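This is a predicted model, so every value here is computed, not measured. Worth knowing before you read on, the calculation uses all heavy atoms, side chains too, and leaves out hydrogens, waters and symmetry mates.
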Amino acid sequence: MATYPERRAALIEAIKKPVSFASRDSYAGVDKLKGMEALIAALKKEALELVSNSDGSFGTDILSMLDKLQTLFSDFDSEPTGVKQKLVAEAAGLVGRLLNT
């Protein structure tokens with residue numbers, strides 16, 4: 001069974017990977033990014049379970065980030081390309097800050 005730090009890192013990676021894909025090469029993949037709203041909801045559910053079952057080692061910072069990401073990616077699939085680029089840039093910043101904690 002994975003430790004809390006390993007599971008936390010896996011949650012962050014699950015978000016980082018599609019955000020990195022969408023933002024590389026001047027956001028060339030942003031219109032191919034689909035299903036982020038569902039992904040964030042699933043990751044948030046997992047994080048809530050981990051936080052409630054941890055001894056505090058999991059941290060609640062990831063929940064705060066997931067709340068913000070859930071707001072960012074709400075209706076993402078229906079947004080125009082320019083808006084998607086801005087949302088992905090903001091998401092990348094959130095993920096970057098979390099990686100540095």
Side-chain angles (χ1 to χ4, degrees):
M1 181 177 216
T3 64
Y4 285 115
E6 291 168 339
R7 293 186 70 190
R8 182 181 187 279
L11 280 172
I12 295 169
E13 185 62 28
I15 300 162
K16 181 183 167 207
K17 189 174 180 179
V19 168
S20 294
F21 165 79
S23 62
R24 75 173 167 237
D25 297 328
S26 299
Y27 298 94
V30 77
D31 286 322
K32 295 176 183 136
L33 188 63
K34 305 284 184 207
M36 287 300 289
E37 190 171 5
L39 172 65
I40 299 301
L43 294 174
K44 186 175 174 183
K45 181 180 176 185
E46 182 179 349
L48 282 167
E49 290 173 12
L50 289 169
V51 167
S52 67
N53 293 324
S54 80
D55 58 3
S57 62
F58 190 77
T60 57
D61 57 339
I62 195 166
L63 290 176
S64 175
M65 190 235 350
L66 287 167
D67 284 339
K68 291 174 184 172
L69 288 170
Q70 193 168 34
T71 300
L72 283 178
F73 287 115
S74 176
D75 298 321
F76 180 83
D77 292 348
S78 64
E79 296 289 356
T81 300
V83 172
K84 287 180 180 180
Q85 290 173 344
K86 289 177 184 175
L87 294 172
V88 167
E90 192 170 341
L94 289 170
V95 172
R97 283 192 293 278
L98 195 57
L99 286 170
N100 292 322
T101 59

Drop me the distance from Lys32's NZ to Tyr27's OH, to the nearest 0.5 angstrom. 15.5 Å
Quick check: is Val83 connected to Phe21 through a chain of hydrophobic side chains (ILVMFWY, heavy atoms under 4.5 Å apart)? no
side-chain contact (heavy atoms from CB on, under 4.5 Å), that's the test. Do Lys84 and Leu87 meet it? Break it down for me. CA-CA 5 Å; Lys84 287 180 180 180; Leu87 294 172; 5.5 Å; no
dist Ile12:CD1 -> Ile62:CD1 (nearest 0.5 Å) comes out at 4.5 Å
Nearest-0.5 Å distance that lies between atom CG in Leu72 and atom CD in Glu79: 10.5 Å
For Leu39 against Pro18, the heavy-atom pair lying closest together: CD2-CG, 4.1 Å
Between CG on residue Leu48 and CG on residue Leu43, distance to nearest 0.5 Å: 11.0 Å
Smallest heavy-atom separation, Leu33 atom then Phe76 atom, equals O-CE2, 3.6 Å
Salt-bridge criterion met for Arg7 and Glu46 (N-O under 4.0 Å): yes
Give me the atom names and distance for the closest heavy-atom approach of Leu63 to Lys44. CD2-O, 4.3 Å
Pair Leu50, Leu11 - check side-chain contact (heavy atoms from CB on, under 4.5 Å), show working. CA-CA 11 Å; Leu50 289 169; Leu11 280 172; 3.9 Å; yes
Step by step, would you call Leu94 with Ile15 a side-chain contact (heavy atoms from CB on, under 4.5 Å)? CA-CA 10 Å; Leu94 289 170; Ile15 300 162; over 6 Å; no
Contact between Glu37 and Asp77 at the side-chain level, heavy atoms closer than 4.5 Å - yes or no? no
Just how far is it from atom CG of Leu98 to atom NZ of Lys68, taken to the nearest 0.5 Å? 10.0 Å
4.5 Å side-chain heavy-atom contact, Met36 and Leu69: no
Taking Ser20 for the side chain and Lys17 for the main chain, is one N or O donor matched with an acceptor at less than 3.5 Å? no
Less than 4.5 Å apart, any side-chain heavy atom of Ser23 and any of Val30? no
